[in-house]
Structure formats: C-alpha cells, structure tokens
Amino acid sequence: MDRINELIKNASSVAVIGHVRPDGDCVGSCLALQNYLKDTNPDLRTDVFLGAFSDVFRFLKGADEIRSDFETKETYDLCISLDASDLERLGEGRQIFEAAKRTVCLDHHVTNPGFAQTNHVEPDTSSTSEVLFYLFDYDKISIAAAECLYVGIIHDTGVFKHSNTTQRTMQAGGMLIDKGINHSQIIDDTFYKKSYVQNQILGRALMESVVFLEKKCIFSVIKQKDMVFYGVNATDLDGIVDQLRITEGIEVAIFLYEMEAHVYKVSMRSNHTVDVSRVASYFGGGGHKKAAGCTITGSVYDVINNLSQQIVLQLPLESGS
Ligand SMILES: [Mn+2]
C-alpha cells in the first residue's frame, strides 16, 4: 500500500481542505489528492472544500466540483489539510477540520506547528504538491493528477526559478512531464498569461515608475480612477511589483494601489540586502525577507517618504546619508 492510503486507513469519507485565498499549490495539491484517492479507492467519498480561486485553475479535473459550503453539517471520517501553515489559515475550513473524526496535515511551511493528529511537514520541499508527488505511487498517478501536481509545483517555485527549487523538485517535474501532460501550455495558461487590460495597466505602471534613493529603489502607483478607467480589479495588478523588481540596479521595488481615498496597499520586493518584511512590519504589515506588504494611509508623497525613511536604515548609500 502507498503512503497516502496508509493515512486513509478505514475512512469511508474524506474532506480535503486548503488555506484561505487558495493559490496554485493549494488548488493543485487538493485536486491532485482527490484525483489520486478516487483512482486508487473507487469506493471512497472525497470532497474538496476551498474558498474562491482563480479561473486559470478551472481546467484541472475536479475543479468544478469543489465545494464552498463550509457550513455543511456532515462529519467526515477524515479531514486532510493541505498547504495550510496553521489552524487560522484554514479559514472557514476549520469547522470541517474540527468536526472530523480524524485529522491529517500535509504541508511544507517551516513555521507549521503540526496542528493535526497526524502531521507530515517537509520544510525543505518546494511545495505541498511536491510532498504529495513523493507520497504517491508513481505508477498510480493519472494524467489528470499529474497536471494538478505540476500546477502546484510551478506556482510555488515561480516555474522552477525560486531558491526552493531542488534537484528533487526538477526530478518530480520531469517525471510528471513523462506522464504526458502538456507542460508548456500549463505554464503559459496558468502562470504567464495576462488579459489585455492586465497588460495595459502593467505598461502604464512601468511607464510612470520613478526611481529614488540613488536609483536603488523604484516605485509606481495606480490610483482608483486609473483602475476604473482600465476596468481592472486588484488581482489584475498581481505581478507589477515583480516586473519593477527586475529593473537593473534596483534593490527595492514598491508598488502601491489606492484601495480607497488616501489608503494605499503597499507591495514590496527586494533583491539582496534589504529585509522588506522589517519595513512592512514597522507599518503593521508582514511577509518574507524578499516579499512583503502593508497598508499605509496618506498621500503618495507621504507613503513613499515614510517607506524611504525605513528602507534607508538598511540600505547603504554612496552619499552616506
Ligand atoms: Mn505551498
């Protein structure tokens, strides 16, 4: 028996849940597990519960049957949490998790305290989808399950680019390609594709970007009226800050958008030395060393001025100021 089915034991109903605002690894790992369980246990009932997720993942098998009626009164024999680093991150799924007779947590976040009865956390693995890949029997992975796993791995590694990518990650990627998935189309359709307006607003943000602090920092801002003009919402602005970050010579990239009058959502990226999570937490936000965010009230001038004062504490300038 494979290691996943050892976890299932005698359960006849399984709920699979992920974290709030599900990303590619969350959706991919949940659907991969559901497909794998259905293929290997035809009698087992499995339901996936997730909050709203991007339409780019709709093509994955089972995506249309994902449930969002978290208040279901049903008690599952087993609830498996995927890609969630703690109980809070389960959001509404927590009620299903806490009602279940038995709980399992599979994850890859280093901060995961192990909040289920059975926990399997691999902090050095790129994604929960990679964790699952190595728990599954390779021969029992269908093309549909392979597509789900591949989506999860490419989204958490930035298409095998981030530093969490290992030889083992590439091995998993290669073995999934061997299943016959259309890997290059999956990458384009779920990772790189932008709508026309998304490209327009990206172009606008790049054109109006400004460098400061001896050209080591760059920022751009999108106002509410711009969003109305282009007909975009906040998720259409994803990726703008990443494009700003790769500008030559830049250490910190900042992207702001106006949530309401004089309230700005701030996204920051750094390249080498600056820990932007320290800057973000000064303003009540958080994140990681190289990617963080916060919300700041004031004019654009105030926001950038306040951020600069914090960034400069970590950024040696030629002028010594
Ligand atoms: Mn993940």
Side-chain angles (χ1 to χ4, degrees), residues 19-24 26-27 50-59 63-64 66 68 91-92 151 155 158 187-213 215 217-247 250 252-270 276-277 279-288 290-311:
H19 57 72
V20 290
R21 293 182 299 281
D23 56 9
C26 183
V27 178
L50 288 175
F53 57 90
S54 166
D55 282 343
V56 300
F57 305 126
R58 283 279 158 205
F59 79 99
D64 287 334
I66 290 180
S68 55
E92 292 187 279
V151 162
H155 279 261
I187 292 172
D188 267 353
D189 288 354
T190 72
F191 198 86
Y192 288 113
K193 192 156 74 182
K194 283 185 180 282
S195 67
Y196 179 58
V197 289
Q198 284 169 345
N199 265 335
Q200 282 190 307
I201 200 95
L202 167 66
R204 165 85 183 246
L206 297 178
M207 201 164 64
E208 301 199 342
S209 62
V210 177
V211 290
F212 63 108
L213 289 179
K215 299 183 184 169
C217 300
I218 189 167
F219 86 91
S220 191
V221 57
I222 294 290
K223 298 284 195 71
Q224 270 189 320
K225 62 174 168 44
D226 306 321
M227 294 173 70
V228 171
F229 179 82
Y230 290 99
V232 297
N233 56 42
T235 57
D236 292 317
L237 308 174
D238 285 355
I240 292 178
V241 70
D242 299 298
Q243 191 64 39
L244 292 169
R245 179 187 67 85
I246 56 176
T247 311
I250 289 299
V252 178
I254 301 169
F255 176 66
L256 316 176
Y257 77 85
E258 193 180 27
M259 299 165 73
E260 50 189 271
H262 295 294
V263 180
Y264 290 92
K265 180 79 184 67
V266 178
S267 300
M268 289 179 282
R269 297 289 184 273
S270 76
V276 285
S277 75
V279 179
S281 42
Y282 183 86
F283 296 100
H288 307 279
K290 294 187 172 178
C294 55
T295 303
I296 304 184
T297 304
S299 66
V300 172
Y301 177 84
D302 292 336
V303 173
I304 294 302
N305 207 28
N306 290 336
L307 288 167
S308 298
Q309 285 174 17
Q310 294 306 310
I311 292 167

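Here, residue 1 is the first one in the sequence, and each next residue gets the next number.
- Heavy-atom minimum distance, E258 versus Q224: OE1-N, 2.9 Å.
- Side-chain contact between Y282 and N306 is absent, with no heavy atoms from C-beta onward closer than 4.5 Å.
- Heavy-atom minimum distance, A280 versus G286: CB-N, 3.8 Å.
- Using a 4.5 Å heavy-atom cutoff, the side chains of I254 and F212 are in contact.
- Heavy atoms only, all atoms of each residue included: S220 and A205 are closest at OG-O, 2.6 Å.
- The minimum heavy-atom distance linking V276 with A291 is given by the pair CG2-N, 3.6 Å.
- Legend: salt bridge (Lys or Arg N to Asp or Glu O under 4.0 Å) pairs involving residues 220-232, not counting sequence neighbours, sorted by first then second residue: R204-D226.
- Residues passing the side-chain hydrogen bond (donor to acceptor under 3.5 Å, both in side chains) test with T190 are H155, sequence neighbours excluded.
- Rounded to the nearest 0.5 Å, atoms CG (D189) and CZ (F57) are 11.5 Å apart.
- Rounded to the nearest 0.5 Å, atoms CG (N233) and CE (M227) are 6.5 Å apart.
- The side-chain heavy atoms of F219 and L307, taken from C-beta on, include no pair separated by under 4.5 Å.
- Nearest heavy-atom pair across G24 and V151 is O-CG1, 4.0 Å.
- Counting only heavy atoms from C-beta outward, the side chains of I250 and V211 approach each other to under 4.5 Å.
- Across all non-hydrogen atoms, the minimal contact from G91 to V20 is CA-CG1, 3.4 Å.
- Atom NZ of K194 is surrounded by more than 12 heavy atoms from other residues, nucleotides or ligands within 6.0 Å.
- Side chain of N305 to backbone of D302: no donor-acceptor contact under 3.5 angstrom is found.
- Here the straight-line distance linking atom CD1 of I201 with atom CZ of F229 works out to 9.5 Å at 0.5 Å rounding.
- In this structure, CD1 on I218 lies 10.5 Å from CD1 on I246, to the nearest 0.5 angstrom.
- For R58, the side chain to side chain contact (heavy atoms under 4.5 Å, CB included) partners at least two apart in sequence or on another chain are F53, D55, D64.
- A 4.5 Å side-chain heavy-atom check between F255 and I222 finds at least one atom pair inside the cut-off.
- For the residue pair T235 and D238, no side-chain donor N or O sits within less than 3.5 Å of a side-chain acceptor on the partner.
- Annotation: side chain of D188 is not in contact with side chain of K193 (no heavy-atom distance under 4.5 Å).
- When the options L256, V221, V241 are evaluated for a side-chain contact (heavy atoms from CB on, under 4.5 Å) with V266, the one that passes is L256.
- For the atom pair C294 SG and K265 NZ, the distance stands at 7.0 Å (nearest 0.5 Å).
- One distance of note links CG of D236 with CD of Q198; it measures 4.5 Å at 0.5 Å rounding.
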